[in-house]
K.L.:
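Handing you a structure now.
In this chain, numbering begins with 1 at the start of the sequence shown. Bear in mind that the values here come from a model prediction, so they are computed numbers and not experimental data.
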Amino acid sequence: MALQTKHVALQKGVIMKKTIFKALSKLNKLVLPSYTKKRLDLSKATKLQLLIFGWKLYVTKNALD
């Protein structure tokens, strides 16, 4: 019985994590600039632009997993 309880708790944790990342993704879309639409050349990007691009990529990856 304890094993089932642990499994259910893990599933809830995964669902909660996905929900948080999906919400973060929507917030990112509203607040942060879209460098792909602006066709930003990553080799010429500033460190701040790379940081924003990486953050959005990380959030999107975790929202989709």
K.L.:
So, taking the atom named OG1 in Thr60 and the one named CG in Asn28, what distance separates them when rounded to the nearest 0.5 Å?
P.N.:
7.0 Å
K.L.:
Do Tyr35 and Leu42 belong together in a cluster built from hydrophobic side chains that touch within less than 4.5 Å?
P.N.:
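Yes; tracing contacts between hydrophobic side chains, which count when under 4.5 Å, links both residues.
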K.L.:
Quick one: CG on Leu50 to OG on Ser43, what's the gap to the nearest 0.5 Å?
P.N.:
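Those atoms lie 9.5 Å apart.
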K.L.:
What's the shortest heavy-atom distance between Gln49 and Leu40, and which atoms?
P.N.:
OE1-CD1, 3.8 Å
K.L.:
Grouping I, L, V, M, F, W and Y whenever their side-chain heavy atoms are under 4.5 Å apart, do Leu32 and Leu57 come out in a common cluster?
P.N.:
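Different clusters.
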K.L.:
Working to the nearest 0.5 Å, report the span between NZ of Lys18 and CG of Leu64.
P.N.:
7.5 Å
K.L.:
Which heavy atom of Val59 sits nearest to which heavy atom of Ser25, and what is that distance?
P.N.:
CG1-N, 3.6 Å
K.L.:
Is there a donor-acceptor contact under 3.5 Å from the side chain of Lys56 to the main chain of Pro33?
P.N.:
yes
K.L.:
Under 4.5 Å between side-chain heavy atoms, chaining through other members, with only Ile, Leu, Val, Met, Phe, Trp and Tyr counted: pull out the rest of the cluster around Ile20, sorted by chain and number.
P.N.:
Met16
K.L.:
Among residues at least two apart in sequence or on other chains, which ones pass ring-ring contact (aromatic ring centres under 6.0 Å, His included) with Phe53?
P.N.:
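Phe53: no ring-ring contact (aromatic ring centres under 6.0 Å, His included) contacts found.
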K.L.:
Are any of the side-chain heavy atoms of Trp55 and Leu24 separated by less than 4.5 Å?
P.N.:
yes
